[in-house]
Amino acid sequence: MRRGLWIALLCLLPSGLRAFAAGADFLRAEIPARPAALSGAFAAFTDDVSAFLWNPAALAFSKDPWLGATHFSSVLDTSFDQATYVQPLKIKKLSAGLGFCVQHSATSDLNETDLNGNNKGAIENGDWVLSGAGALRFGRGLSAGFALKGFYSVLSQYRSRGFAADLGLLSVVNPRLSFGLSLVDFGVAEAYDTNPDPLPSLLRMAVKGVLLDSGEVQLNLAAELDRPLLPSDPIYANGGLEYWYARKVAFRAGYRLGADLGGFSMGTGFRWRGLEFDYAYTAFGDLGLAHRF
């Protein structure tokens with residue numbers, strides 16, 4: 001039965017069922033729809049309520065309070081829900097910001113069977129993550145940020161708790177060009193059983209450019225290199241293209257090099273009177289489709 005539980009745990013991987021050596025893969029879930037539609041190339045963005053999840057330094061560029069919520073229907077009957085809040089601040093005339101996030105994920109159709117194949121009912125499972133972040137801008141275009149998160153995970157009789165931190169730098173060279181650098185999910189966790197797995201710590205290096213901005217049409221291009229700190233985990237190169245018409249309607253597409261499944265993503269967005277609605281779609285072959293709202 002213990003072997004079956006570990007197999008079930010591996011099946012909960014949220015981003016394409018990638019074979020990571022690290023544990024706590026729910027920390028690496030790309031839940032918000034806009035970044036997911038760009039294949040996660042988001043560590044150099046500043047104009048989104050979820051940007052600090054990729055790079056906490058983005059909080060220092062927030063101009064207004066933001067509240068966001070996402071529901072992510074993933075494969076294998078796994079769903080994720082996330083809520084984020086961003087509050088801009090001023091500290092001794094310096095721009096700053098705070099961000100908060102709560103996340104929950106669970107699999108609805110995960111059952112236990114005995115050695116004879118008899119169904120013994122649903123297995124209790126779920127992951128909770130609570131995080132807070134802050135950032136400060138130095139001068140016009142350079143900011144630094146820090147995030148701290150705590151998490152709790154349950155799978156049948158097994159429990160795991162842990163803490164992780166994110167560090168980030170973001171440089172907005174001009175309105176058309178920005179660079180981001182962040183180290184995310186650096187921390188420790190308890191073992192589910194006997195030997196704890198390392199967290200999925202990741203170094204992100206990103207760039208965002210505005211290829212066209214005519215007032216009526218804006219075209220954004222983003223690229224990001226994700227380098228796991230564990231040498232056994234693969235390196236990913238992500239790219240995304242975002243087209244805005246009249247600052248109200250957006251079309252997005254992205255691709256992740258190195259992904260076995262779910263490499264291509266696409267989505268759309270709509271802004272209206274201070275509200276923004278986003279949707280992202282990813283196909284995982286025979287495993288099914290993933291939708292984010």
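In this chain, residues are counted from 1 in sequence order.
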Minimal non-hydrogen separation, [X] against [Y], with atom names:
| X | Y | answer |
| --- | --- | --- |
| L199 | G187 | CD1-C, 3.4 Å |
| L142 | R137 | O-CG, 3.3 Å |
| A44 | A206 | N-CB, 3.9 Å |
| W66 | Y85 | O-CD1, 3.1 Å |
| G168 | A57 | O-CB, 3.6 Å |
| A135 | A60 | CB-N, 3.6 Å |

Next on the checklist: Here's a test for you: under side chain to side chain contact (heavy atoms under 4.5 Å, CB included), which of D166, L229, V184 qualifies with L202?
Outcome noted: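 Among the candidates, only V184 passes.
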Checklist entry - Are there more than 12 heavy atoms of other residues, nucleotides or ligands under 6.0 Å from atom CZ of F163? => result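 For F163, atom CZ is not crowded (no more than 12 foreign heavy atoms under 6.0 Å).
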Checklist entry - What do the steps show when you test E224 against R256 for salt bridge (Lys or Arg N to Asp or Glu O under 4.0 Å), and what is the final call? => result CA-CA 9 Å; E224 180 175 308; R256 175 177 281 113; over 6 Å; no
Can [Y] be reached from [X] by stepping across I, L, V, M, F, W or Y side chains whose heavy atoms are under 4.5 Å apart?
| X | Y | answer |
| --- | --- | --- |
| F277 | Y243 | yes |
| V49 | L130 | no |
| L67 | L275 | no |
| W244 | V217 | no |
| F45 | L241 | no |

What's the separation between atom [atom1] in [X] and atom [atom2] in [Y], rounded to the nearest 0.5 Å?
| X | Y | atom1 | atom2 | value |
| --- | --- | --- | --- | --- |
| T70 | F72 | OG1 | CZ | 10.5 Å |
| F61 | R140 | CZ | CZ | 11.0 Å |
| Y255 | N238 | OH | CG | 11.0 Å |
| E30 | F80 | CD | CZ | 11.0 Å |
| S156 | E124 | OG | CD | 8.0 Å |
| T268 | F251 | OG1 | CZ | 5.0 Å |

Next on the checklist: If the condition is ring pair (Phe, Tyr, Trp, His ring centres under 6.0 Å), which residues does F293 pass it with, not counting sequence neighbours?
Outcome noted: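 Ring pair (Phe, Tyr, Trp, His ring centres under 6.0 Å) check on F293 returns Y279.
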Next on the checklist: Using the ring pair (Phe, Tyr, Trp, His ring centres under 6.0 Å) criterion, which residues pair with Y152? Sequence neighbours excluded.
Outcome noted: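 With neighbours one apart ignored, the set is W128.
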Using side-chain heavy atoms (C-beta onward) and a distance below 4.5 Å, is [X] in contact with [Y]?
| X | Y | value |
| --- | --- | --- |
| P32 | F42 | no |
| S95 | K90 | yes |
| C101 | F52 | yes |
| S105 | S79 | no |
| W54 | S182 | no |
| V207 | L177 | yes |
| D226 | R28 | no |

Item to check | Test log, rule side-chain hydrogen bond (donor to acceptor under 3.5 Å, both in side chains), inputs T78 and T107 | outcome: CA-CA 4 Å; T78 302; T107 299; 2.8 Å; yes
Checklist entry - Does the side chain to side chain contact (heavy atoms under 4.5 Å, CB included) test come out yes or no for Y245 and E216, once each step is laid out? => result CA-CA 6 Å; Y245 177 74; E216 191 76 2; 3.1 Å; yes
Checklist entry - Do the side-chain N and O atoms of S265 and S39 include a donor-acceptor pair separated by under 3.5 angstrom? => result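 Looking only at side-chain atoms, S39 and S265 do form a donor-acceptor pair, the distance falling under 3.5 Å.
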Next on the checklist: Applying side chain to side chain contact (heavy atoms under 4.5 Å, CB included) to L203 and L181, what does each step give before you reach the verdict?
Outcome noted: CA-CA 7 Å; L203 178 64; L181 178 68; 3.8 Å; yes
Next on the checklist: Checking D127 against Q103 for the side chain to side chain contact (heavy atoms under 4.5 Å, CB included) test, could you report, in this order, the C-alpha distance in whole Å, the side-chain angles of both residues, the deciding distance, and whether it holds?
Outcome noted: CA-CA 8 Å; D127 309 302; Q103 172 185 320; over 6 Å; no
Checklist entry - Just one of Q218, K208, R34 clears the side chain to side chain donor-acceptor pair (under 3.5 Å) bar with E242, so which one? => result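 Going through Q218, K208, R34 one by one, the side chain to side chain donor-acceptor pair (under 3.5 Å) with E242 is satisfied by R34 alone.
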Checklist entry - When you look at R292 and D278, which way does the salt bridge (Lys or Arg N to Asp or Glu O under 4.0 Å) test go after all the steps? => result CA-CA 8 Å; R292 297 167 174 86; D278 294 302; over 6 Å; no
Item to check | Residues D47, K63: salt bridge by 4.0 Å N-O rule | outcome: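 Salt bridge: no.
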Item to check | Evaluation steps, side chain to side chain contact (heavy atoms under 4.5 Å, CB included), between T46 and S178 | outcome: CA-CA 9 Å; T46 61; S178 60; 5.8 Å; no
